[in-house]
Amino acid sequence: MTGSIYDELKDRGFIAQVSDETAVRKMLGEKQVTFYIGYDGTASSLHAGSLVPIMAMVHLRRAGHRAIAVIGGGTTMVGDPSGRTEMRQILDEAVIRAFGDAIRAQLDRYLKFDGVGALAVNNADWLKPLNYIEFLRDIGRHFSVNRMLASEAYKIRLEKGLSFIEFNYQLLQAYDYLTLFRSHGCTLQMGGDDQWGNILAGVDLIRRVEGAAVEAMTFPLLTTSAGAKMGKTVQGAVWLDAGLFSPYEYFQYWVNTDDRDVGRFLRLYTLLPLEEIRRLESLAGSEINEAKRVLAYEATILTHGEDAARDARAAAAAAFGGSGEKDVASLPTTVVARARLEAGLGPAELFVEVGLAASRGEAKRLIAQGGLSINNERIDSLTRMLTLKDVGPDGLILKAGKKKIHRVIAG
RNA sequence: GGGCAGGUACCAAAGUGGUUAAAUGGGACGGGCUGUAAACCCGUUGCGGAAACGCUUCGAAGGUUCGAAUCCUUCCCUGCCCA
């Protein structure tokens with residue numbers, strides 16, 4: 001345990017707000033602290049937007065603190081209105097349960113739940129059995145509606161409408177904190193900066209009910225320098241699940257980082273020492289691409305493991321002609337029946353099939369605009385049939401635009 | 001429960017009987033320039049079709065009409081005001 005983990009987090013850009021900086025720095029430096037972060041299960045996988053909290057947990061755990069990941073099986077049934085413009089879709093309970101299990105498994109890769117230094121709990125376990133009247137009397141009376149309505153988090157919703165169920169979210173999250181304080185001695189809750197109000201509600205509740213001082217810390221809500229939300233691409237989220245978003249795509253997501261974000265991201269999303277990061281981010285001009293590759297490689301290791309990261313890097317090198325080993329086999333690949341290739345396939349059909357175009361119409365548009373190529377040769381005609389002859393020893397390489405690439409092999 | 005205003009494509013927002021597959025902006029995508037960056041310039045942006053053209057879309061379902069996003073009816077949903 002080192003006295004510097006708080007400052008390490010701060011230097012790396014993890015901290016947006018802290019309840020009491022002096023107290024938090026002190027406790028993280030002096031003793032083992034049990035802390036928690038909640039993850040609401042609104043999808044079967046977390047995405048890159050959740051990486052900051054995950055990395056913060058990894059850092060704290062490495063520093064010897066005890067991590068509790070709370071799967072929001074109960075709170076997800078209510079839905080957090082904080083900062084949202086519209087009510088969340090109400091999800092089916094069985095679905096929420098399944099999502100929660102999947103997310104737990106995902107977090108396990110980063111945190112290695114051992115029941116001692118890192119554990120996962122599901123708040124459905126204590127929220128579902130709650131008795132309404134008792135809850136109102138014991139917990140509800142500590143909350144001021146006036147104060148809640150005045151908070152920034154609800155501001156948008158007061159204009160667009162806020163249902164009663166959502167209004168209860170904050171109470172439940174506060175109750176989570178109280179529960180973990182009582183059962184596990186948890187004294188630090190962290191979360192995204194949009195959670196600040198909810199987290200403080202828990203701090204207040206514990207003070208009122210237990211007379212104890214506990215702490216709160218939030219992470220900045222990141223956007224890329226281009227203004228996009230972290231972890232979102234056009235196609236959708238940058239999922240941490242290899243089945244939803246392949247390691248190759250994941251690697252590419254990081255390689256495509258804006259120059260201006262490289263240093264910031266290296267600090268947040270890799271465990272590289274700060275001196276090394278300072279060296280990498282100082283690279284100028286096209287040299288910065290080297291830093292991006294390091295970022296991508298390290299980030300991919302953390303999420304998908306070293307083997308997958310190596311494959312992804314090799315595939316990227318093959319696709320973009322970078323230095324080092326080239327491994328075409330690691331590109332996203334689709335097997336197409338030999339017989340179909342013998343008969344010949346239209347390019348639009350094939351590009352749609354491998355997911356490089358959303359529809360034949362789009363594929364045709366792309367061809368007209370010179371955006372599609374096979375084996376690095378621009379397709380200039382819709383009737384350019386693709387056959388077995390186009391499938392070389394490494395397969396048939398399809399490209400849409402400059403960056404989306406896919407390999408087809410006959411099978 | 002009553003009154004008012006709304007629900008249009010990824011988002012925002014025009015359109016109030018045919019010239020509307022639906023203005024405009026943003027976003028996104030493609031091309032050019034580059035460094036798998038940014039900025040900038042050009043183009044594209046419902047589905048099918050080589051094309052002609054066809055099909056589906058404006059909360060949902062019915063209806064009026066030669067013709068509906070546009071008119072009528074019912075229903076669902078949202079916001080505001082009143083209770």
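In what follows, chains carry the letters A, B, and so on, assigned in the order in which the sequence lines appear, proteins first and then strands, with residues in each chain numbered from 1.
Nucleotide B:U16 is matched to nothing when pairs are restricted to Watson-Crick or G-U wobble geometry with both distances under 3.5 angstrom.
Every residue meeting the side-chain hydrogen bond (donor to acceptor under 3.5 Å, both in side chains) condition with A:Asp204, not counting sequence neighbours, appears here in chain and number order: A:Arg207. For the side-chain hydrogen bond (donor to acceptor under 3.5 Å, both in side chains) test, no residue two or more places apart in sequence or in another chain qualifies with A:Glu306. Residues passing the side-chain hydrogen bond (donor to acceptor under 3.5 Å, both in side chains) test with A:Tyr250 are A:Thr303, sequence neighbours excluded. Taking the side-chain contact (heavy atoms from CB on, under 4.5 Å) definition, one finds that A:Gln252 meets it with A:Tyr248, A:Asn256, A:Ala316, A:Phe320, sequence neighbours left out. Residues satisfying the side-chain hydrogen bond (donor to acceptor under 3.5 Å, both in side chains) criterion with A:Glu249, sequence neighbours excluded, are A:Ser246. Residues that satisfy the side-chain contact (heavy atoms from CB on, under 4.5 Å) test with A:Leu341, not counting sequence neighbours, are A:Val336, A:Leu345, A:Leu388, A:Val391, A:Ala410.
Annotation: B:G63 and B:A68 have their C1' atoms spaced 12 Å apart (nearest Å). Spacing between B:G17 and B:C55 at atom C1', rounded to whole Å, works out to 22 Å. Rounded to a whole angstrom, the distance from the P atom of B:G3 to that of B:C75 is 13 Å. Across the C1' atoms, B:G59 and B:A9 are found 14 Å apart, a figure rounded to whole Å. Taking atom P in both B:A37 and B:G32, the straight-line distance is 12 Å, to the nearest Å. When the C1' atom is compared between B:A22 and B:C47, the two are found 16 Å apart, to the nearest whole Å. Between B:G15 and B:C77, the two C1' atoms lie 23 Å apart (nearest whole Å). Distance check on atom C1': B:U45 versus B:C10 gives 10 Å, rounded to whole Å.
Of the two residues contacting RNA chain B, namely A:Leu372 and A:Phe251, the nearest-nucleotide position lying further toward the 5' end is that of A:Leu372.
Counting to the nearest Å, the C1' atom of B:G30 and the CG atom of A:Leu356 are 13 Å from each other. Nucleotide B:A37 holds its P atom 19 Å from the CG atom of A:Leu280, rounded to whole Å. Between the CD atom of A:Gln369 and the P atom of B:G30 there is a distance of 9 Å, rounded to whole Å. In this structure, A:Asn256 atom CG and B:A38 atom P are separated by 8 Å, rounded to whole Å.
For A:Leu366, taking side-chain heavy atoms from C-beta onward, the closest of the listed nucleotides B:G31, B:G30, B:U36 is B:G30. For A:Lys402, whose side chain is taken as the heavy atoms from C-beta onward, the closest listed nucleotide among B:A37, B:G31, B:U36 is B:G31. In this structure, the nucleotide among B:G35, B:G31, B:A38 sitting nearest to the side chain of A:Arg378 is B:G31.
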I'd like a list of close polar pairs between nucleotides 78-83 of chain B and the protein, N/O only, cut-off under 3.5 Å.
residue	atom	partner	partner atom	Å
B:G79	OP1	A:Lys160	O	3.4

N/O-N/O pairs, protein side and nucleotides 24-26 of chain B side, under 3.5 Å:
none

Quiz item: Can you give one letter per nucleotide of nucleotides 46-56 of chain B, 5' to 3': B if a protein heavy atom sits under 4.0 Å from the base, S if only from the sugar-phosphate, - if neither?
Solution: -SSBS------
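Sorted pairs that involve residues 356-377 of chain A and meet side chain to side chain donor-acceptor pair (under 3.5 Å), not counting sequence neighbours, are lacking altogether. Identified under the ring-ring contact (aromatic ring centres under 6.0 Å, His included) test for residues 340-399 of chain A, with sequence neighbours left out: none.
To the nearest 0.5 Å, the span separating CG on A:Leu372 from NZ on A:Lys404 amounts to 9.0 Å.
Using a 4.0 Å cutoff on non-hydrogen atoms, the parts of residues 281-290 of chain A near RNA chain B are A:Gly285, A:Ser286, A:Ile288, A:Asn289, ordered by number.
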